[in-house]
Amino acid sequence: MDELLKSLNDSQRAAVEYCDGASLVVAGAGSGKTRVLTYKIAWLLKAHGLQPWHILALTFTNKAAREMRQRIAGLVGEEEARRLRMGTFHSVFARILRVEALTLGYTSQFTIYDQNDARSLVKSICREMELDDKKYKPNDIADVISQCKNHLVLAEDFEHCSLFDSSRPHEAEVFRRYQARCKSANAMDFDDLLVNTWLLFSQHEDIRRKYVELFHFVLVDEYQDTNHAQQQIIYLLTKERQCICVVGDDAQSIYSFRGANIENMLNFQSLYNDTRIFKLEQNYRSTQYIVQAADSLIKKNQQQIPKDVYSENAHGERPILKYATSDKEEASIVCSDIERIRSKEQCSYGDFAILYRTNSQSRAFEEQLRKNGIPYTIYGGLSFYQRKEIKDIIAYYRVVVNPNDEEALRRIINYPARGIGDTTVRKIADSALANGISPWQVIESPQLLTQVVSKAAAGKLQAFASLIRLWQSRLHAEDAYTLGRAIIEESGIARELMGSSNPEDISRRENLDAFISGLRDFVTAEAEDERQPHIGLGDFLQEVALLTDLDSDDDATQQKVSLMTIHSAKGLEFSTVFIVGLEENIFPSPMSATSLKGLEEERRLLYVAITRAEHHCIITCAENRFRYGRMEHDEPSRFIKDIDPSLLTIGRPRKAFSADDDAFGASRLPWARKPYGSSANTGYGAGRGSSANTGYGAGRGSSYGSTANTGYGAGRGSSYGSPMPGPNFRRVQSVPSGEGSRPSPTPSRGGGSTLQEGMTIEHQRFGIGRVVKVEGSGENTKATINFRTTGMKQLLLRFAKYTIIEGDRD
DNA sequence: CGGCCCCGCGTTTTT
DNA sequence: CGCGGGGCCG
């Protein structure tokens with residue numbers, strides 16, 4: 001038995017072995033948190049003889065759940081690992097709610113509304129109530145409703161809670177109507193999955209008992225990110241037995257805007273008497289200086305569980321701070337550092353990450369990386385499922401499974417166009433409202449229907465309804481793939497996208513294909529795995545509704561520099577991390593900088609960023625930044641002086657920055673070369689003046705690198721690549737950088753890629769372009785490229801070595 | 001019903 | 001500046 005735990009250190013081992021009561025594992029960054037969880041589960045199975053289905057393990061992401069299950073399988077075998085009750089809060093609760101739906105007045109076919117559905121429902125309610133949308137901003141109201149739910153404040157109680165703003169009294173009515181509408185649509189939003197689970201357990205003692213009997217031991221990952229509702233539900237499941245183990249790091253609580261409550265972690269002891277606290281303080285990930293620098297920063301926070309993190313790895317290199325005159329220069333510093341480190345250490349591009357506070361910062365880096373021919377991939381774009389064509393199909397599925405789903409119905413009732421106009425839809429909605437039923441029920445009732453709409457409209461609606469009913473009748477006979485495919489064909493969506501040469505439609509078609517093959521994979525994977533004989537559309541929807549976190553780490557992304565926000569970097573690690581844009585007005589974000597709590601969270605965010613680094617951590621700060629169409633000047637972030645100066649190297653700008661490279665002319669601006677310390681500046685003295693002394697900008701004429709570009713990466717045809725492995729689709733969208741394109745010192749004409757007719761060029765932000773025509777070759781190549789956005793045009797103009805003839809802006 | 005123009009806004013987002 | 005949304009026109 002001891003054999004199992006032999007690879008753990010003392011504190012990890014202690015945390016794993018203690019199973020007699022509640023325990024809180026405070027796990028610093030890189031301290032083997034997941035390790036403790038997986039071993040603990042294995043320990044419960046092996047040493048305590050628990051049955052796998054009696055163990056409940058909750059995570060925040062599907063990815064975390066998947067990985068943990070996999071690692072446990074390695075310890076105890078596939079079979080047992082599979083039987084563990086393990087998943088995200090939302091998916092585990094959704095499953096419970098499907099079983100218990102009737103108790104709460106839902107059916108087990110209920111739909112899960114995503115944030116967009118929720119917002120659009122709030123919007124229609126506001127319209128119906130004729131509220132001034134300046135004063136009653138639908139999105140804000142949706143957010144308030146969500147916050148209420150995170151705090152388990154029901155619509156009836158809203159007026160008496162602190163979230164209620166008496167200057168907007170009608171919000172309460174919106175909330176009530178919102179709940180009523182969800183109910184009549186047989187739908188729950190993400191937050192309802194929690195609220196309803198809580199209601200179920202707190203109001204139905206028999207049901208609560210049933211699940212308490214089922215879950216003998218509960219484990220929670222990333223406990224610092226739980227909100228009040230989640231904490232309460234967990235409490236209801238564990239209060240008697242107190243067999244609970246939560247793991248987390250208060251220093252990495254960065255999701256308060258989503259309701260995460262760090263107090264859950266800080267006050268855990270007061271909820272469970274005799275809580276034992278285990279601290280994992282040894283960091284295995286990073287070198288000593290990095291750990292120490294991060295620690296010196298986080299110690300500035302008031303609110304935290306005291307701990308002494310340390311590393312026994314090599315001292316390594318201190319984090320380096322580099323100042324740049326502009327965002328462009330910042331990007332070029334990062335690029336040349338990537339090449340420098342890469343050639344020195346012979347590592348791959350996949351070992352680098354560029355982390356920023358806001359997504360908009362990615363742009364400058366994209367351009368520079370592309371210029372240097374460095375392959376990269378941006379994380380966190382629109383998820384596959386957010387794309388219009390995919391949402392349309394899913395809306396069809398939703399209506400078939402649950403016709404009362406108002407949001408889905410609204411989406412497809414006239415798509416593809418079938419002559420059901422706005423007025424008709426509005427009449428249906430009004431009638432539904434007046435009769436307290438769902439729009440579908442209006443359509444289904446011949447008397448009502450003919451009463452509210454014209455005869456012609458009624459005919460079209462009935463044709464639509466019978467289409468839906470036809471599919472419904474096939475739900476039980478056909479699996480998700482067969483029926484799903486049929487719906488795409490028979491609905492006319494396929495026809496809509498077929499035969500169009502519009503590049504947008506071609507891309508959609510490709511996504512559609514990827515979707516279909518994903519659907520097929522889902523069905524085969526599920527059928528193989530489970531004793532469940534029939535995999536229907538409903539099963540697919542359940543999966544899809546709670547899925548945003550998609551597989552990313554397939555081979556293709558391994559060789560590329562990762563660009564992402566710090567938020568999305570949580571849980572990841574890279575040999576070299578660049579933390580960019582360390583300026584006031586960016587980091588900390590001005591929105592958060594108004595309160596101490598906000599500032600402390602931002603500080604934790606920086607802590608998270610630093611602790612992602614294994615070997616090198618390079619922080620940059622641009623004095624001037626191009627945004628909102630103008631160059632703006634910024635002070636360095638106040639957080640810089642929160643890091644122990646003896647643990648921070650102030651890097652020298654490596655080379656003069658070429659004026660050629662500085663498209664915005666920042667280096668020519670009067671303040672560009674002004675040393676910082678000069679004007680009544682307190683904190684930054686030390687290393688700060690240096691950027692002025694090193695003759696920065698002195699060699700302005702000298703050229704930096706080559707401005708030559710390696711050509712626009714050959715769009716790899718399909719916008720989403722090949723069909724996805726497993727039931728998931730890929731969300732990471734990489735911008736191809738020309739096959740194997742090395743950063744070539746000499747501009748290689750046509751190297752890497754050549755434009756070909758029919759080729760698709762895709763860019764995450766600027767959309768897609770399609771090469772329609774190519775004439776001539778070499779210097780004289782002329783290509784006609786259709787594109788949608790001006791951003792794409794700029795990109796083409798800037799990077800392609802071809803003459804771009806503006807095509808249709810479809 | 002789609003296309004065009006003007007206005008307003010600009011943080012992070014595991015489910 | 002660049003985008004999404006709403007309003008208006010053809």
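Letters go in sequence order (proteins before strands), and every chain restarts at 1.
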Are the ring of A:Y255 and the base ring of B:dT12 both nearer than 5.5 Å at their centres and tilted by less than 30°? no
Which of the following nucleotides, B:dT14, B:dG10, B:dT13, is nearest to the side chain of A:N359? B:dT13
Nearest-angstrom distance from the residue atom OH of A:Y628 to P of B:dG10: 7 Å
Using a 4.0 Å heavy-atom cut-off, does A:G571 contact any base of the nucleic acid, only the sugar-phosphate backbone, or nothing at all? nothing
Give me the ring orientation class for A:Y356 and A:F365: parallel if the planes are under 30° apart, tilted from 30 to 60°, perpendicular past 60°. parallel
Closest-nucleotide 5' rank along DNA chain B - winner of A:D191 and A:K134: A:K134
On DNA chain B, more 5' by nearest nucleotide between A:E222 and A:S589 is A:S589
Taking OP1 and OP2 of B:dT14, is either one under 4.0 Å from a side-chain nitrogen or oxygen of A:S568? no
Should the ring pair A:Y106 and A:F110 be called parallel, tilted or perpendicular, given that the plane angle runs from 0 to 90° and is split at 30 and 60? perpendicular
Selected nucleotide, minimal atom distance to A:R363 side chain, candidates B:dG10, B:dT11, C:dG2: C:dG2
For the side chain of A:T358, starting at C-beta, report the closest nucleotide among B:dT14, B:dT12, C:dG5. B:dT12
Name the closest nucleotide to the A:D225 side chain, picking from C:dG5, B:dT14, B:dT12. B:dT14
Closer than 4.0 angstrom, basic N to acidic O: yes or no for A:R603 and A:D642? yes
Side chain of A:E602 - closest among B:dT11, B:dT13, C:dG6: B:dT11
Ring centres of A:F515 and A:F540 under 6.0 Å apart? yes
